[in-house]
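Have a look at this one.
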Amino acid sequence: MAVLPPNTSEADFNNALQAFAAAVGDEWVFSSDEDLKPFRDHYSPVPLEEDELLASAAVAPANVEEVQAVVKVANQYLIPLYPISTGKNFAYGGPAPNVRGSVVLDLKRMDRIIEVNEERNFALVEPGVSYMDLYTYIQERGLKVWLDCPDPGWGSPVGNTLDRGIGYTLGFYRDHNAAQYGLEAVLANGDVIRTGMGALPGSDTWQEYKYGFGPDPAGMFSQGNYGIVTKMGIRLMPQPAHYRNGLVTVPLREDLGPLVNSINYLNDLNMIGDPWYGSPLRALLDNADFRAAATRRGGGIAEELNRFAREANLHSWQVELQFYGSERTTEANWEYAQEVISDRIPGARFTAGESLAIPLTPEQLHETTGPYSSNMRRNITQGVPGLGIWKNLGRTQSLPDTWAQGHLGLFAVLPRSAESIFEAQQVFADTMADLNLDGGINALSLGVNWYQYAFLFSAGFSTGGGNADNSPAGKKKIADGLKALLVVAGEHGWGEYRAAPYFQDAVSEQYSFNDYSLRRFNETIKDAVDPNGILAPGRGGIWPGKSRG
Amino acid sequence: MRIGRITSILFLSVWFNQMAWGQDDNRIAHGKRVFERYCTLCHGEGLGADGAPMLPGTHAIYIKYRGEVPPLLQHRSDVNIELVKTVVRNGLASMPPFRQTEVTDSDLEAIVAWFDSVADE
Ligand SMILES: Cc1cc2nc3c(=O)[nH]c(=O)nc-3n(C[C@H](O)[C@H](O)[C@H](O)COP(=O)(O)OP(=O)(O)OC[C@H]3O[C@@H](n4cnc5c(N)ncnc54)[C@H](O)[C@@H]3O)c2cc1C
């Protein structure tokens, strides 16, 4: 299974490996089949081993100087490097590279927590620091600051941010790229830069004013390939005193419009945390008549769906709201939310959830009974990292010999409006039906509001053992279907927010304004800062000149 | 002289033994620490998240073996270094693999030493 870097002879590759070993030490260069197994993508959509995005080797430096030495070797032998931080990017490529035969630059050993500041609410960390590590550090010292974690707690603030990951607390913190405040990177020529105030020797505001003076290139390292990030500042949320949640339901299908507008209003006044939309009508999906109405070609018909709702005495939509603050401010915000919504929607109903002093006790974190049956998830709304989400994968009691190994999917960026949701329901459901794929999209599907200012609308599939989709042909069908789907989405003005390497060119293809002027700009920069094209070629759809032909 | 030599051999062997014990203790403690950092989020004790009866790794093992082996790895007598290495480096079903930069082979041996020390209790 051994692979070589592109256009590299075995002799050159062996010399490069020796030079890497001289840079980082023998034991931190991995090139045997055995050593490289865990660098494979456990969720790989690539159906056949001949195409799989395998690394030819991995190199793990311990500090910035060693990173610089590795970059020098890569330039000498023209070998592509693929930097990872904690390398847990499952569903978006895992630790595997964009280009088969790349050398993975594994930064896990660089795992210093340089600073956590609880008065000024920030942290400065190296790439190998996981959310779990940082949380443990904060807990051990009793610091009163919160992380905003993605579901899997074994990833890192640096790696997750560089793929524009998201979390689940207040809007600003949920957008991890926004909460990035100053970074250090090693460029392809070996130079080390610090962005923002980090460029001013002696400044103590690197994590407080991210811009410095002039253009701020920090954002270009996310979903890009312009450098290897070796330090990153992130903003931390001060630990609030109190948490409260509440459920809102509205009766009619057409009430989704004013509901979304009300939530946008509260959201953008920073009065609520992550709002979770849903539909109580999901309870009816086992009923064949209702199912037919909810999966009708051309989209759901309001009159028909409202009738089902009325007969079942159910409301059409719900949103669960969360509030962070003091006991009194959270109560006032919940009251105000009710006022805003009932002003716009006759018949809206409100159920108070729980009202809990922070930090929650372990029992409260596990509690799932409440005033209403909740889809709100405790750990992540409290900034507590974990891997509990793996409960959605693996074996189940009813099917003990079958398991979901992973998933394949995409999230399209949609306007925060009911019209766009209704349109996406119809377009995605009908396209999937045409493709003969069951993506579970119907007239009740909604967007998630992880990013405060947009909806993300998902099309996803689980892949697993004992399930036909685990076969190469099954995975290929899904992967090809998703590629076809994202083209249709593009025609409606919806692009993906993030994608695994396998899909990145197809996603980038949709962003075509003015004959791809943005991509051409990115390519111009790529050629200038990485003339040999050694850093993550292809990432974000940006290829170096020599690969563009 | 003879007595002296025996004494010193005895002394030395006790000393070596103690050193080895000390190293074992360290190794076991190290194994437990690594396990807690990388494995307990899935293989720990107690409730899972959001209504799950167990953590995901513990639960998967419980389901897989129909409750016939203890669901906590450290309580099982059949988990040896070969199994741990194979699973950790290749991944298994919903458990993705771990790289040497996360847990080294000697970390894995220390984890198994900790398993053995718990199973002995
Ligand atoms: C069940 C499940 C749930 C998930 N839930 C979420 C979620 O809630 N939120 C979310 O955001 N994601 C989620 N994910 C996706 C993913 O697992 C996380 O985003 C994870 O944090 C990414 O892995 P990581 O942090 O180890 O980043 P890494 O794998 O280290 O990095 C991601 C990518 O960024 C680039 N990169 C990393 N480090 C550097 C560097 N130092 N310099 C330059 N480029 C670099 C590389 O291209 C790398 O592949 C989920 C995945 C699964 C399977």
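These values consider heavy atoms only, across backbone and side chains, with no hydrogens, waters or symmetry-generated copies.
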Problem - Atom pair CD1 (Ile63(B)) and CH2 (Trp403(A)), whose distance is rounded to the nearest 0.5 Å - result: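 Interatomic distance, Ile63(B) CD1 to Trp403(A) CH2, rounded to 0.5 Å: 12.5 Å.
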Practice task
For residues Pro97(B) and Arg40(A), determine if any side-chain heavy atom of one lies less than 4.5 Å from a side-chain heavy atom of the other.
Solution key: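 Heavy-atom side-chain distance check fails, nothing below 4.5 Å.
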Handout entry: Heavy-atom neighbours of Glu45(B) CD exceed 12 at 6.0 Å
Key =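 Count not over threshold, so no.
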Handout entry: Rounded distance (nearest 0.5 Å) linking atom NE2 of His42(A) with atom CG of Leu92(B)
Key =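 So the gap between those two atoms works out to 7.5 Å.
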Problem - Leu47(B) portion near chain A, given a 4.5 angstrom heavy-atom threshold - result: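 Leu47(B) touches chain A through backbone and side-chain heavy atoms alike.
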Exercise for the section: Side chain from CB out, backbone as N, CA, C, O: work out which of these in Thr396(A) comes under 4.5 Å of a heavy atom of chain B, or both, or neither. Expected result: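 Contact with chain B involves the backbone of Thr396(A) alone.
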Handout entry: Expected output: side-chain Trp390(A) to main-chain Gly57(B) donor-acceptor under 3.5 Å
Key =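 Here the side-chain-to-backbone pair does not exist.
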Exercise for the section: Flag the one option from Met132(A), Gln397(A), Arg109(A) with the top tally of heavy-atom pairs under 4.5 Å to chain B. Expected result: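 So the answer, after comparing Met132(A), Gln397(A), Arg109(A), is Gln397(A).
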Practice task
Using non-hydrogen atoms and a 4.5 Å limit, figure out which bit of Asp133(A) sits close to chain B: side chain, backbone, both or neither.
Solution key: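 Side chain only.
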Exercise for the section: Please assess Lys88(A) against Phe98(B) for the test side-chain contact (heavy atoms from CB on, under 4.5 Å), listing each intermediate value before the final yes or no. Expected result: CA-CA 9 Å; Lys88(A) 295 299 186 193; Phe98(B) 288 81; 3.9 Å; yes
Exercise for the section: Let me know if Asp111(A) has heavy atoms under 4.5 Å from chain B in its side chain, its backbone, both or neither. Expected result: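 Just its side chain gets close to chain B.
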Problem - Thr86(A) portion near chain B, given a 4.5 angstrom heavy-atom threshold - result: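 Thr86(A) touches chain B through backbone heavy atoms alone.
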Practice task
Please check if the side chain of His59(B) supplies one atom and the backbone of Arg395(A) the other of a donor-acceptor pair under 3.5 Å.
Solution key: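 Flag not set: sc His59(B) to bb Arg395(A) has no pair under 3.5 Å.
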Exercise for the section: Please name the pair of heavy atoms, one in Trp28(A) and one in Gln100(B), separated by the smallest distance, quoted to 0.1 Å. Expected result: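 Reported closest heavy-atom pair: CZ3-O, 4.2 Å.
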Practice task
Using non-hydrogen atoms and a 4.5 Å limit, figure out which bit of Ile84(A) sits close to chain B: side chain, backbone, both or neither.
Solution key: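 Only the side chain of Ile84(A) comes within 4.5 Å of chain B.
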Problem - Charged N-O contact under 4.0 Å between Lys391(A) and Asp50(B) - result: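 No.
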Practice task
Kindly compute the distance separating CZ (Arg89(B)) from CG (Asp35(A)), expressed to the nearest 0.5 Å.
Solution key: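 Result: 8.0 Å between the selected atoms.
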Exercise for the section: Please flag which part of Met95(B) lies under 4.5 Å from any non-hydrogen atom of chain A: side chain, backbone, both or neither. Expected result: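 Only the backbone of Met95(B) comes within 4.5 Å of chain A.
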Handout entry: Minimum side-chain heavy-atom gap Cys42(B)-Trp154(A) below 4.5 Å
Key =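 Contact flag for Cys42(B)/Trp154(A) side chains = no.
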Problem - Closest non-hydrogen atom pair, Leu393(A) against Ser94(B) - result: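 Closest approach of Leu393(A) to Ser94(B), heavy atoms only: CB-CB, 3.9 Å.
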Problem - Exercise: identify the closest heavy-atom pair between Ala60(A) and Thr101(B) - result: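 Taking Ala60(A) first and Thr101(B) second, the nearest heavy atoms are CB-CG2, 3.5 Å.
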